[in-house]
Every structure is written in C-alpha cells, then in structure tokens.
Amino acid sequence: MAAIDATLAAQNAVVAAESLGLGTVYIGALRNKPQEVAQILKLPPHVVAVFGLCVGYADPNVNVAIKPRLPQSVVLHRETYQLSEQDEGISLYNQVMKDFYESQQMNVPGDWAEHSSKRVASAESLSGRQQLRQILNNLGFELR
Ligand SMILES: Cc1cc2nc3c(=O)[nH]c(=O)nc-3n(C[C@H](O)[C@H](O)[C@H](O)COP(=O)(O)O)c2cc1C
C-alpha cells in the first residue's frame with residue numbers, strides 16, 4: 001500500500017513540476033540496488049526507496065522527443081479486458097517504436113514487444129531485481 005501511495009504522490013509531484021515548466025524523469029533503476037541506495041540515503045530500518053525522481057530544467061539545446069505511447073486500445077479497457085484489440089495495437093506500436101528508435105539513433109535489437117518481454121524473461125534479465133525479496137528482508141521487511 002505504501003508503494004502505491006508513494007507512486008500516486010510522485011505522479012502528482014510530476015504534474016505539479018511540469019505545470020511550472022520543470023522536467024522530470026522517474027528512475028526505476030534505483031530498484032536494481034536498493035541496499036546501496038538505502039545506505040547512500042541513510043534510510044532507517046523498514047524504509048526503502050521505491051524509485052527516484054529527477055526534477056530540473058531541460059537543456060533546450062538537446063534534441064529530445066516525447067516517447068510514443070501505446071495506442072489507447074491497448075491500455076484502456078471498458079468494463080472488461082478486450083484481448084482481441086491487443087495484437088493489432090501492439091503491431092502498430094512496434095512499427096511506431098521502430099521509427100522512434102531510428103529517429104533517436106537508438107540501437108534496439110528486435111521489435112518493441114520482443115525487446116520488452118526479454119527485459120522480464122528470466123532472473124538474469126532483471127538487472128538485480130530478482131534479489132529484491134531478500135534485500136527487502138535485509139532492510140527490515142519481514143516478507144514471507
Ligand atoms: C516507472 C518508470 C521508471 C523509469 N525508470 C527510468 C530509469 O531508471 N532511467 C531512466 O533514464 N528513465 C526512466 N524512466 C523514464 C522513461 O525513460 C521515460 O519516462 C520515457 O522515456 C518517456 O519519456 P517522455 O515522457 O519524456 O517521452 C522511467 C519512467 C517510468 C514511468
């Protein structure tokens with residue numbers, strides 16, 4: 001529940017910051033090394049950083065673009081989950097993301113769906129997060 005509350009609060013902070021002309025970047029990568037992060041932040045027992053949030057003014061000289069979002073048919077479902085809408089929307093997004101990666105000169109192998117599923121396909125691909133349960137135990141959370 002606390003993780004959800006922190007996330008909701010952060011999203012409101014992001015909206016407020018952006019309304020003031022600031023830029024923000026969530027840093028989920030903090031969860032790759034929660035124990036080291038807890039040490040750096042001098043967190044007391046039973047406290048863990050859920051994510052980081054960078055706030056600042058974007059460099060106007062850097063050429064940036066808004067990352068395309070999944071089509072609404074993939075992420076918005078009315079009353080019940082509409083599985084039938086998924087394939088077409090994801091194929092479309094694969095193409096959109098291919099163009100986006102090219103425009104950003106990002107070398108991403110495979111299409112977006114393949115690339116994204118590989119990120120969570122095995123323990124080795126979790127960038128250390130497969131140890132999260134043990135690390136939370138170490139930080140004082142007695143998960144069973
Ligand atoms: C939950 C979450 C975690 C994220 N973690 C990272 C991160 O670890 N490192 C990073 O550079 N960006 C991170 N981001 C930022 C994304 O890269 C960024 O939101 C995405 O590129 C879209 O950017 P845009 O909204 O400016 O187009 C994260 C975003 C979200 C929503």
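Remember, it's 1-based here, ligands and their atoms both numbered in the order they're listed. Computed from heavy atoms alone, side chains included, the values below leave out hydrogens, waters and symmetry copies. Each residue takes its place number in the sequence, starting with 1.
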- Query: What is the nearest protein non-hydrogen atom to atom 28 (C) of ligand 1, stated with its residue, atom name and distance?
  - Reply: Tyr26 O, 3.3 Å
- Flag atom 18 (C) of ligand 1 as yes if some protein heavy-atom distance to it falls below 4.0 Å, otherwise no. no
- Query: Using a heavy-atom cut-off of under 4.0 Å, does the side chain or the backbone of Arg69 touch ligand 1, or both, or neither?
  - Reply: side chain
- Task: Tell me which protein heavy atom sits closest to atom 21 (O) of ligand 1, plus the residue, atom name and distance to 0.1 Å.
- Result: Lys67 CD, 3.7 Å
- Query: Taking atom types as modelled, is there a side-chain donor on Glu114 or Ser116 under 3.5 Å from an acceptor on the other?
  - Reply: no
- Query: Short list, please: which atoms of ligand 1 are under 4.0 Å from a heavy atom of Ile66?
  - Reply: 27 (O)
- Donor-acceptor contact below 3.5 Å, side chain His115 vs main chain Gly110: no
- Who gets closest to atom 8 (O) of ligand 1 by heavy atom: Ala29, Gly23, Pro68, Ser127? Ala29
- Task: Decide yes or no for Tyr93 and Val74: does some side-chain heavy atom of the first lie under 4.5 Å from some side-chain heavy atom of the second?
- Result: no
- Query: Will you find, in the side chains of Ser73 and Gln82, an N or O donor that is under 3.5 Å from an N or O acceptor?
  - Reply: no
- Message: Whether the Asn137 and Glu142 side chains hold a donor-acceptor pair (N or O, under 3.5 Å, no angle test) is what I'd like checked.
- Response: no
- Message: For atom 9 (N) of ligand 1, what is the closest protein heavy atom, and at what distance to 0.1 Å?
- Response: Ile27 CD1, 3.7 Å
- Query: If you round to the nearest 0.5 Å, how far is CD of Glu18 from OG1 of Thr24?
  - Reply: 4.0 Å
- Task: Please work out whether any backbone atom (N, CA, C, O) or any side-chain heavy atom from C-beta onward of Val25 is under 4.0 Å from ligand 1, and answer side chain, backbone, both or neither.
- Result: side chain
- Within a distance of under 4.0 Å, is there any protein heavy atom near atom 14 (N) of ligand 1? yes
- atom 5 (N) of ligand 1: which protein heavy atom is closest, and how many Å away? Gly28 N, 2.8 Å
- Message: Donor-acceptor check, side chain of Tyr26 to backbone of Val14, threshold 3.5 angstrom: yes or no?
- Response: no
